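Quick caveat, the model's predicted, so the values are computed rather than measured.
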Amino acid sequence: MSGDGQGRSHWFDDEAGPVVRPYAMTRGRTTSPAQHRLDLIAVVGTEPGAGDPDGDPTLAPEHVEIVGLCRDAPQSVAELAAELDLPIGVVRVLIGDLVHAELVHVTRPVPPAELPDESILRDVINGLRAL
């Protein structure tokens with residue numbers, strides 16, 4: 001490697017700006033109390049009485065952005081991660097913070113094991129037709 005700084009230009013990009021590590025956004029946390037409910041297809045929506053998150057100094061800009069995205073229409077955890085271009089683990093922690101702050105709620109999809117069996121539904125339909 002030469003001493004003229006040529007090698008450094010390969011590793012740094014002035015146009016990219018500062019890089020913030022994901023753990024800095026979550027203050028070093030890798031889990032949240034509500035994380036067990038956050039499947040990739042869990043739907044996040046804003047709470048009806050939620051105030052404006054911009055005025056809360058404890059929230060990061062990513063928190064505010066999540067609330068803004070969910071205010072227009074509920075979003076899945078996977079959609080939020082893609083929209084924010086953040087790792088899913090980071091987005092789960094941020095959503096957990098927002099659930100704790102009562103700014104958003106999470107709706108879990110019905111697990112396939114809890115869905116009614118197709119044969120039961122057919123029997124119900126046949127029974128209704130027989131009436």
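Side-chain atoms of Leu69 and Leu80, non-hydrogen and from C-beta on, do get closer than 4.5 Å to each other. In this structure, the side chains of Val104 and Val67 come closer than 4.5 Å at one or more pairs of heavy atoms. Side-chain contact check for Val106 versus Val43: every heavy-atom pair is 4.5 Å or farther apart.
In this view, Glu79 and Ser76 satisfy the side chain to side chain donor-acceptor pair (under 3.5 Å) rule, not counting sequence neighbours. Partners of Leu40 by side chain to side chain contact (heavy atoms under 4.5 Å, CB included), not counting sequence neighbours, listed by chain and number: Ala78, Ile88, Arg92. When the side chain to side chain contact (heavy atoms under 4.5 Å, CB included) test is applied to Glu47, the partners found at least two apart in sequence or on another chain are Ala50, His105. Taking Ala101 as the reference, Leu103 meet the side chain to side chain contact (heavy atoms under 4.5 Å, CB included) condition, with sequence neighbours excluded.
Atoms CD and CG, from Glu62 and Leu94 in turn, are 6.5 Å apart once rounded to the nearest 0.5 Å. Separation of atoms CG (Leu131) and CG (Asn126) is listed at 11.0 Å; rounding is to 0.5 Å. Interatomic distance, CG of Leu59 versus CG of Leu98, reported as 6.0 Å (0.5 Å rounding). Distance check, rounded to the nearest 0.5 Å: CG of Asp97 to CD1 of Ile66 gives 8.5 Å.
Sequence neighbours left out, the pairs with a member in residues 118-131 that pass salt bridge (Lys or Arg N to Asp or Glu O under 4.0 Å) are Glu118-Arg122.
In the hydrophobic clustering of ILVMFWY residues, with side-chain heavy atoms under 4.5 Å counting as a link, Val99 and Leu84 come out together.
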